[in-house]
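Taking it in order: structure first as structure tokens, then the write-up.
Worth knowing before you read on, the calculation uses all heavy atoms, side chains too, and leaves out hydrogens, waters and symmetry mates. In what follows, every chain begins at residue 1, and chains take the letters A, B, ... in the order their sequences are listed.
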2 protein chains.
Amino acid sequence: MDIDLVKAGFTKYLKQGNYRITPERFHVLDAVLCFDGHFDADELYLRLKSNDIRVSRATVYNTLDLLQECGVVAKYRFGDNHSRYEKTFGKPHHDHLICLQCGDIIEFVNRKIETVQEEVCLENNFKPQSASLQIFGVCAKCRQQ
Amino acid sequence: MDIDLVKAGFTKYLKQGNYRITPERFHVLDAVLCFDGHFDADELYLRLKSNDIRVSRATVYNTLDLLQECGVVAKYRFGDNHSRYEKTFGKPHHDHLICLQCGDIIEFVNRKIETVQEEVCLENNFKPQSASLQIFGVCAKCRQQ
DNA sequence: CTCGGTGCAAATGCTTTGCAATGTC
DNA sequence: GACATTGCAAAGCATTTGCACCGAG
């Protein structure tokens, strides 16, 4: 809930990695935090633009990568040809049901999935950093028709 | 194990969808069935080419989509910017551990994951068609170093 | 003052498309 | 014969990059 905490975390991450603190990076961060739900790089770029904040696409992409690395945003790749992002702040880890008919994306949380994933990692001596599960199919709405 | 069964299935799928039975489509299918492990569209194209089978890239992409639709291949999208495929024939459903350091992809099978996925779908009245779980992190080999 | 970051436009690389020729049904 | 499919090359599209300028440290 505390946006300043996220900013502080990002600042720390930048300093640790010897990245510079630039206004553009924080403009992108602000926009990300305002965005509810999924968005792609271009949507974010356009939103910044419409708020009269001049940041180039290149910087948006660059900053989104940084934000992903430090865990502020999650990057997803569903069926189509571009990446979608989402702030992870204030949200528990969740996965996605993707409707192949209407394109809707439904989020769900399931503790058991996490548990099983941890098991698998242990078995394989694999150190997990992030995970994503997508189930493709037909959603409840479309099934009614 | 029976490759002819897959071919028959593909033929049936094509007929049902009013797609034509062309030699090119079956050349692509053959190449797919020969390929062990993951491959991308271009690798498949090059393999066909090196076997003196003339099929254009466009046809490879088109056919891979058809093969995915009828469940002969699975299409994955890992971190990078292109799609990877894999025949599903003769292989139980499995998921992937992706090493962020060496890029290795480790497959694993876990029945519990399937079960939990089925649960989630039931809860959401969602009719699943396919699912993919990727866990990103550091593999055993890289951890030793 | 140094060197990383930025903006712009141009490049990249996977994938799709337009169109004429081909071959299935 | 009709029309889906093919091949080719060219277009599309998200993303990255090269380079000159700018500004954080």
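To the nearest 0.5 angstrom, A:Asn110 atom CG is 9.0 Å from A:Leu133 atom CG.
Between the side chains of B:Tyr85 and B:Gln68, no donor-acceptor pair of N or O atoms lies under 3.5 Å. With no hydrogens or angles considered, a side-chain donor-acceptor pair links B:His94 and B:Glu86 at under 3.5 Å.
In the set D:dT16, D:dA14, C:dG5, the nucleotide with an atom closest to the side chain of A:Arg25 is C:dG5. Taking the side chain of B:Asp65 as heavy atoms from C-beta on, and the options D:dA24, C:dC8, C:dT16, the nearest nucleotide is C:dT16. Taking every side-chain heavy atom of B:Thr59 into account, D:dT6 is the closest of D:dT6, D:dA14, C:dG7. Residue A:Arg57 has its side chain nearest to D:dT15 when only C:dT6, C:dT15, D:dT15 are considered. Distance from the side chain of A:Asn62 is smallest for C:dT6 among the nucleotides C:dT6, D:dG7, D:dA14. For B:Tyr61, the listed nucleotide lying nearest its side chain is C:dT15; candidates were D:dT6, C:dT15, C:dG7.
Counting non-hydrogen atoms under 4.0 angstrom, B:Asp40 reaches nothing in the nucleic acid. A:Asp42 comes within 4.0 angstrom of nothing in the nucleic acid, heavy atoms only.
The cationic atom of A:Arg47 (NZ for Lys, CZ for Arg) lies less than 6.0 Å from the six-membered ring centre of A:Phe35 and within 45° of the ring axis.
In this structure, B:Arg54 does not reach the D:dT6 phosphate: none of its side-chain N or O atoms is under 4.0 Å from OP1 or OP2.
When the local axes at the two ends of the helix from C:dC1-D:dG25 to C:dC25-D:dG1 are compared, using 5 base pairs at each end, they differ in direction by 40° after rounding to 10°.
Under the side chain to side chain contact (heavy atoms under 4.5 Å, CB included) test applied with A:Arg84, the options A:Lys75, A:His38, A:His96 reduce to a single match, A:His38.
Side-chain atoms of A:Arg20 and base atoms of C:dC3 include a donor and an acceptor less than 3.5 Å apart.
Pairs of residues two or more places apart, or lying in two chains, that qualify as salt bridge (Lys or Arg N to Asp or Glu O under 4.0 Å) and include a residue from residues 126-144 of chain B are B:Asp104-B:Lys141.
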